[in-house]
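This report concerns only the one structure given below.
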Amino acid sequence: MALPLWKPLSFFIILLSAGTAHAQYQMISPMLYEGPRISLQDHANRFQSKPLAGDTVSLDYRPDPARRRQNLAHFVEMSRMTSPADADNLAQIFASRDILEEMRTPMGKVGLRIDNVADAYTLWWIDAWQASRGINGDVDRQTVIAVRDQATRAFAQSGSLRGASDAAKQEMAEALLIQALLIESGVEQAKANPALGPQLATAVSLGAQGMNVDLSSMTLTENGFIAAK
């Protein structure tokens, strides 16, 4: 029996959608066009720590509540550059609860953690690909784990986070998690207004391109992403 990845997150999606549904009823959030606003190498360089002998890439990190507040405040301010209304809504949501910590349990049901960069990337990657294709189906645990393994290997091979501090990894993971929630919010809006579907697909695709990810070039299978035919 397939274990849905996104239905356990529906509470958070509804929360985000409620704040933006009126203002964005006729348009998808401009923030989606920007993508997660992250660069693997930039984040590694910003918080680089001295590598140790035999250093390997660890994608786990210990979340720091104070750092999270800083990350969310930074996300809001960056968002304000493209959408002041969305930024205000997000600020209210972030101030009312620790929405990222509350993702820990639902993500855990499919083998993902909020305190691992590859896991956060997996959630964003699958969400983004589905939104770019106008798909809103469930993804089972096997598929999720396969994509997570792909993301883990990609980070290890690139070495972009080798020696990076917890601060770097937390900032990157939390940007990905918030962006995944924003994508899901867009999906919910498109359900109510199907005309928004193509706009959402375009926004998410452009945002992914900013991370050098061409969503149109891949297909999701139970063994992870493969080249599209």
Fill in: I183 vs W124 side-chain heavy atoms within contact, under 4.5 Å
yes
Worksheet, complete the sentence: d(T152 OG1, D119 CG) to nearest 0.5 Å is 6.5 Å
Discussion item. Does anything in residues 215-228 form a side chain to side chain donor-acceptor pair (under 3.5 Å)? List the pairs, not counting sequence neighbours.
Written reply: D214-S216
Item to complete: For A120 and A173, work out which heavy atoms get closest and say how close.
Response: CB-O, 3.6 Å
Discussion item. Within this structure, what is the OG-CZ distance for the pair S205 and R133, rounded to the nearest 0.5 Å?
Written reply: 8.5 Å
Practice prompt. From the options M172, E171, Q170, select the one residue that forms a side chain to side chain contact (heavy atoms under 4.5 Å, CB included) with Y61.
Written response: Q170
Practice prompt. Look up atom CD in Q130 and atom CG in L215, then write down how far apart they are to the nearest 0.5 Å.
Written response: 11.5 Å
Discussion item. Is there a side-chain contact between L177 and M107 in this structure, where contact means two heavy atoms from C-beta onward sitting under 4.5 Å apart?
Written reply: yes
Item to complete: For T143, enumerate each residue passing the side chain to side chain donor-acceptor pair (under 3.5 Å) test, keeping only those at least two apart in sequence or located in another chain.
Response: D140
Worksheet entry | Heavy-atom pair with the smallest gap, counting every atom of V204 and A128 | CG1-O, 3.4 Å
Worksheet item: Is F75 reachable from I99 through a run of hydrophobic residues whose side-chain heavy atoms are each under 4.5 Å from the next?
Response: yes
Discussion item. Give me the atom names and distance for the closest heavy-atom approach of T122 to A151.
Written reply: OG1-CB, 3.9 Å
Worksheet item: Are I135 and V147 connected, step by step, through hydrophobic side chains (Ile, Leu, Val, Met, Phe, Trp, Tyr) whose heavy atoms are closer than 4.5 Å?
Response: yes
Worksheet item: So, the side chain of R97 versus the backbone of E102: is there a donor-acceptor pair under 3.5 Å, distance only?
Response: no
Discussion item. Ignoring hydrogens, what is the shortest heavy-atom contact between N116 and A118? Give both atom names and the distance.
Written reply: OD1-N, 2.9 Å
Discussion item. With heavy-atom distances below 4.5 Å as the criterion, would you say the side chains of Y121 and M211 are in contact?
Written reply: yes
Fill in: Nearest-0.5 Å distance that lies between atom CD1 in I126 and atom CG in L112
7.5 Å
Fill in: All salt bridge (charged side-chain N to carboxylate O under 4.0 Å, His left out) counterparts of D115, not counting sequence neighbours
R104, R113
Worksheet entry | Full working for side-chain contact (heavy atoms from CB on, under 4.5 Å) between D166 and K169 | CA-CA 5 Å; D166 278 0; K169 289 180 280 190; 4.1 Å; yes
Discussion item. Just to verify, what does E77 make a side chain to side chain contact (heavy atoms under 4.5 Å, CB included) with, not counting sequence neighbours?
Written reply: R80
Worksheet item: M218 versus W125: any side-chain heavy-atom pair under 4.5 Å?
Response: yes
Fill in: Pair listing, salt bridge (charged side-chain N to carboxylate O under 4.0 Å, His left out) test, anchored in residues 190-202, at least two apart
E188-K191
Item to complete: Determine the minimum heavy-atom distance between A131 and V187, stating which atoms define it.
Response: CB-CG2, 4.4 Å
Worksheet item: Are V110 and V139 close enough that some pair of their side-chain heavy atoms sits under 4.5 Å apart?
Response: no
Worksheet entry | Heavy-atom check, side chain of L123 versus side chain of L176, under 4.5 Å | no
Discussion item. With heavy-atom distances below 4.5 Å as the criterion, would you say the side chains of L100 and L72 are in contact?
Written reply: yes
Fill in: Residue pairs fulfilling salt bridge (charged side-chain N to carboxylate O under 4.0 Å, His left out) with at least one residue in residues 64-73, sequence neighbours excluded
R68-D98, R68-E101, R68-E174
Worksheet entry | Heavy-atom side-chain contact between Q179 and L182 under 4.5 Å | yes
Worksheet entry | Interatomic distance, S132 atom OG to L206 atom CG [nearest 0.5 angstrom] | 11.0 Å
Practice prompt. Output the distance between atom CD (Q189) and atom CD (E184), rounded to the nearest 0.5 Å.
Written response: 12.0 Å
